[in-house]
Novice: 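Pasting in a structure now, in structure tokens, and then I'll have a few things to ask.
Convention: sequence-line order gives letters A, B, ...; per-chain numbering from 1.
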Amino acid sequence: DAKTTQPPSMDCAEGRAANLPCNHSTISGNEYVYWYRQIHSQGPQYIIHGLKNNETNEMASLIITEDRKSSTLILPHATLRDTAVYYCIVRPLVGGSNYKLTFGKGTLLTVNP
Amino acid sequence: EAGVAQSPRYKIIEKRQSVAFWCNPISGHATLYWYQQILGQGPKLLIQFQNNGVVDDSQLPKDRFSAERLKGVDSTLKIQPAKLEDSAVYLCASSSQGRGHGNTIYFGEGSWLTVV
């Protein structure tokens with residue numbers, strides 16, 4: 001079972017920031033927060049991940065609360081091509097069978113012109 | 001760097017027939033995953049390999065699904081006999097290590113299966 005809760009859908013205007021929330025209240029100390037997205041008819045695409053510090057890369061920023069129970073993915077200037085299902089996933093540090101990604105239903109982000 | 005390659009991209013078969021999907025992971029990636037994604041749902045892990053050994057196949061319907069990774073590189077997922085409910089996208093993914101931290105998993109484009 002997925003250990004995260006996300007809204008089923010969100011809308012955003014093109015050019016504006018998209019802020020996608022995720023709750024992971026049962027996250028443990030050895031688990032990362034990962035974000036993937038899946039554009040229609042494509043495989044999931046890695047966006048960003050973090051443990052407890054905020055992270056930024058060329059695609060997005062990840063803000064993790066101090067208690068690590070929730071996070072927000074920020075797309076600073078959303079474009080129509082950012083329309084996709086966004087998955088927030090917690091994943092342990094150690095390997096073995098628990099090292100897989102367990103997907104929930106994600107959030108369908110629709111960027112409107 | 002080449003990504004995860006999968007084939008065929010699309011396949012339509014009749015129920016009770018068999019089908020095989022092939023995956024070539026990113027070069028050097030020791031861990032390989034097969035996921036099943038039914039329309040409207042998130043991907044579900046079927047099997048995970050570490051080199052040529054199985055780490056997790058708890059969600060693989062072993063009466064009809066089989067997978068192998070004989071030389072620790074390419075992998076094949078087979079369904080025999082197929083059922084209507086097997087209609088889904090079959091995603092292959094790979095990562096560089098099964099242990100350690102922060103090892104990103106990369107996905108292929110998927111193989112779309114329709115069973116009629």
Novice: Non-hydrogen atoms of chain A under 4.5 Å away: do they reach the side chain of B:E109, the backbone, both or neither?
Specialist: both
Novice: How long is the straight-line distance from OH of A:Y34 back to CD1 of A:I48, given to the nearest 0.5 Å?
Specialist: 11.5 Å
Novice: Nearest 0.5 Å, please: how far is CG in B:N24 from CG in B:D74?
Specialist: 4.5 Å
Novice: For B:Q6, is it the side chain, the backbone, both, or neither that has a heavy atom closer than 4.5 Å to a heavy atom of chain A?
Specialist: neither
Novice: Return the option, out of B:G40, B:P43, B:G110, with the maximum number of heavy-atom pairs under 4.5 Å with chain A.
Specialist: B:P43
Novice: Where does B:I105 contact chain A at under 4.5 Å (heavy atoms): side chain, backbone, both or neither?
Specialist: both
Novice: Between A:P44, A:G106, A:G50, A:G43, which shows the greatest number of heavy-atom pairs under 4.5 Å with chain B?
Specialist: A:P44
Novice: For the residue pair A:N23 and A:S25, confirm or rule out a side-chain donor-acceptor distance under 3.5 Å.
Specialist: no
Novice: For A:Q38, is it the side chain, the backbone, both or neither that has a heavy atom under 4.5 Å from a heavy atom of chain B?
Specialist: side chain
Novice: Should the ring pair A:H49 and A:Y32 be called parallel, tilted or perpendicular, given that the plane angle runs from 0 to 90° and is split at 30 and 60?
Specialist: perpendicular
Novice: Do you know the tightest heavy-atom contact between A:I89 and A:T102?
Specialist: CG2-O, 3.5 Å
